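Below: one structure, written as structure tokens.
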Amino acid sequence: MKLKFALSLFVGGVMTVSAQQGFKDGIEYYRADKHEEAKMILDRTLNDAGTDKAESYYYLGQIALAAGNTVEAKQDFDKGIAINPANPFNYVGLGAIDLKNGNKNGAEEQFKIAKNQSKKNAVLLTDIARAYYNADPVKYAKEIEKTLTDAKKADKTCPAIYILEADMKAPENIGDAVGFYEMAWNYDKNNHYPEAYTKYAQVYFSVNPKYSIDRLKELLAKQPNSALAQRELAEKYYENNQFTMAAQQYGEYIKNPNHFQQDEQRYVGLLNFAQNYQESFDLAQQILAKDPGNFYMQRMLFLDQVAMENYADAVKYAKEFFANPKAQGNFVANDYSKFGEALYATGDTLGAIKAYEEAIVLQPENADRLKDLSDLYAEMKDYGHSAELMSQYMEKAEKPSVNDKVVTARRYNNAGATATDPDQKIKYLNSALKYVNEVMQENINDKFPVASLKAVILLGIHNQEMTPEVYDSFMEALAILDANPDNKVNRKNDYMNLYNRLAQYYLKNGDNEKAKEYFNKYLEFDPDNEQLRNYVEKLK
């Protein structure tokens, strides 16, 4: 994957037209039920020149009310009324508090004030209906129905009405809900209700991810400056494992001033996935400059350095990551395996082994980590540990390959060849024989290396004595070689090794004629070996 992301547009401070949405991005996030993000934007844009502060306070109050903080909610609604008493929505907010407190009469008084401020306002009536719904959809079912009927009388094409109806259907009937969301966006000629698309995508994503993404693409085409539209499309690409598209969309979205640090962090990870390691590293450093304790970004620094094979720097950044108090309890197996890779590359083999072992503790079900650690022990020539880890891998792997079996057999054979305890030696070699016999039953193109390995294992089991069983295994390997005439050219060394072993076997058993036969076969491949030729000629 060789994507080039224009991060310079982000880091260089280039501002897009999306800045013009200002506080309206916060309203869109609220209406899309993303209260935390909405509050962040509304707070940061509250004193901007283009902000309608009375409207902002209404949504801030609604966010506080949804969080159960009625005191803060009332303060926000009161501030909105003080700034603009003619704005009817803050009275709706006060009514919603009364409903929350069980004061229906007080709520109706506030709603009456709101309706007198703006008669036959379908959006206002829908917000009143939503206040009843949020308070208790069962208790206030009649009030909700009547208020929505009044809203439709005021303007039956108001998208807000159908969004509320969809929201009420969504928990139990996705099909009806998406139908209402579709009605909402069909009526939304001025593109003021992006939440109709985002909520549709949210409820329908589990049913049809592609269709949900297509709707968000339509929304973005209609509202290219909407932070909500930009972010929702990026997130849905991400959730659908379309990481390349997600990276491109996040790259565009984070140019919007109303993005969030968590979005930058996800973009760092996506840049790493796209193999744009330096860009990922640079952006992670920028985030850490603003948020020095961000352990996720510390993790990305060292992962990017590992990927770029800057192993000394990777070790340095990894140690900072592992020492971060905020990171404690948040480590994952990949942290340790990548740390192990960097440590091994810098010559700290023991440290690498310890790191790989930590990875296995955190993710014992991942068989591949056992294989990685086995490889490391094999490189250290600690064949006993290496073989046992490969055996564990074979037990856990869903479908170990033929090559895995051969590797396991070789490592057990090496463990047996280097073992000093006789009992342990035989145990290792018998394990090697078990795996090699399994491979001999497989339908593979080239069985000679396996047959040759089997003969060597049996030779070890019999203490390097060419017993009849060992002899038979070498003869089996020779038959495999002879089956392909090309091997006389391509596998000269294999032939020479086998002929020498067979000659030695016959020589030891007193059959000099047979020994001479195999020595002469050997000399066909090594005709200039005068020392051997002289020896053979003297054999009686």
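Keep in mind the model is a prediction, meaning the values are calculated, not measured.
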Closest approach of [X] and [Y], non-hydrogen atoms and distance?
X	Y	answer
A54	N84	CB-CB, 3.7 Å
N225	N256	O-ND2, 3.6 Å
A201	S212	O-OG, 3.4 Å
Y197	E218	CE2-OE1, 4.0 Å
Q328	A323	NE2-C, 4.1 Å
S118	L124	O-CD2, 3.7 Å

ask   = Less than 4.0 Å between a side-chain N and a carboxylate O, is that true for K255 and E252?
value = yes

Legend entry - Salt-bridge contact K112-E109 (side-chain N to carboxylate O under 4.0 Å): no

Point to revise | Full working for side chain to side chain contact (heavy atoms under 4.5 Å, CB included) between R215 and Y181 | key: CA-CA 11 Å; R215 300 293 77 72; Y181 288 133; over 6 Å; no

Kindly indicate, with the supporting measurements, whether the criterion side chain to side chain contact (heavy atoms under 4.5 Å, CB included) is fulfilled by F260 and Y253. CA-CA 10 Å; F260 308 100; Y253 160 62; 3.6 Å; yes

Straight-line distance of [X] [atom1] to [Y] [atom2], nearest 0.5 Å:
X	Y	atom1	atom2	answer
N87	I81	CG	CD1	8.5 Å
N134	L99	CG	CG	9.5 Å
T244	Y237	OG1	OH	11.0 Å
S206	E239	OG	CD	10.5 Å
L350	L343	CG	CG	10.5 Å
L228	T198	CG	OG1	4.5 Å

- Strictly under 6.0 Å, is that where the ring centroids of F322 and Y336 end up? yes

Any donor and acceptor pair, going by atom type alone, linking the side chain of [X] with main-chain N or O of [Y] inside 3.5 Å?
X	Y	value
E232	L216	no
N324	G293	yes
K189	N186	yes
N116	I113	no

When you compare the side chains of N47 and K53, does any donor N or O come within less than 3.5 Å of an acceptor on the partner? yes

When you look at NZ of K169, are more than 12 heavy atoms from neighbouring residues, nucleotides or ligands closer to it than 6.0 Å? no

Quiz item: Take atom CD in E36; do more than 12 heavy atoms of anything else shown fall under 6.0 Å from it?
Solution: no

[X]: which residues meet the side chain to side chain donor-acceptor pair (under 3.5 Å) condition with it, sequence neighbours left out?
X	result
K217	none
D127	Y58
D188	none

The residue among Q230, E264, R231 that forms side chain to side chain donor-acceptor pair (under 3.5 Å) with H259 is E264

Which of Q278, Q286, Q285 passes side chain to side chain donor-acceptor pair (under 3.5 Å) with D282? It is Q278

Between [Y] and [X], is there a side-chain heavy-atom distance shorter than 4.5 Å?
X	Y	value
D78	Q75	no
D167	R130	yes
K371	D404	yes

ring-ring contact (aromatic ring centres under 6.0 Å, His included) partners of [X], counting only residues at least two apart:
X	answer
F180	none
F295	none
Y204	Y200
Y187	Y162

Residues 346-379 vs ring-ring contact (aromatic ring centres under 6.0 Å, His included), sequence neighbours excluded, gives Y377-H385

Residue pairs passing the ring-ring contact (aromatic ring centres under 6.0 Å, His included) test with at least one member in residues 115-144, sequence neighbours excluded, are F111-Y132, Y132-Y140

Quick note, salt bridge (Lys or Arg N to Asp or Glu O under 4.0 Å) partners involving residues 313-334, not counting sequence neighbours, are none

Quick note, salt bridge (Lys or Arg N to Asp or Glu O under 4.0 Å) partners involving residues 136-149, not counting sequence neighbours, are K104-E143, K146-D150

Within 45° cone and under 6.0 Å: R266 NZ/CZ vs Y238 ring: yes

request  = Assess K338 against F302: is NZ or CZ under 6.0 Å from the centre of the six-membered ring, and within 45 degrees of the ring's axis?
outcome  = no

- When you look at N403 and V407, which way does the side chain to side chain contact (heavy atoms under 4.5 Å, CB included) test go after all the steps? CA-CA 6 Å; N403 186 63; V407 168; 3.9 Å; yes

For F339 and F331: C-alpha separation, side-chain torsions, deciding distance, then whether ring-ring contact (aromatic ring centres under 6.0 Å, His included) applies. CA-CA 12 Å; F339 187 35; F331 302 136; 10.0 Å; no

Test side chain to side chain donor-acceptor pair (under 3.5 Å) on D33 and Q202; report intermediate values, then the result.
CA-CA 11 Å; D33 296 329; Q202 192 65 40; over 6 Å; no

For D291 and M297, run side chain to side chain contact (heavy atoms under 4.5 Å, CB included): C-alpha distance rounded to whole Å, both residues' side-chain angles, the deciding distance at 0.1 Å, then the answer. CA-CA 9 Å; D291 183 12; M297 290 297 96; over 6 Å; no

Sorted by chain and number, sequence neighbours left out, salt bridge (Lys or Arg N to Asp or Glu O under 4.0 Å) with D98 holds for none

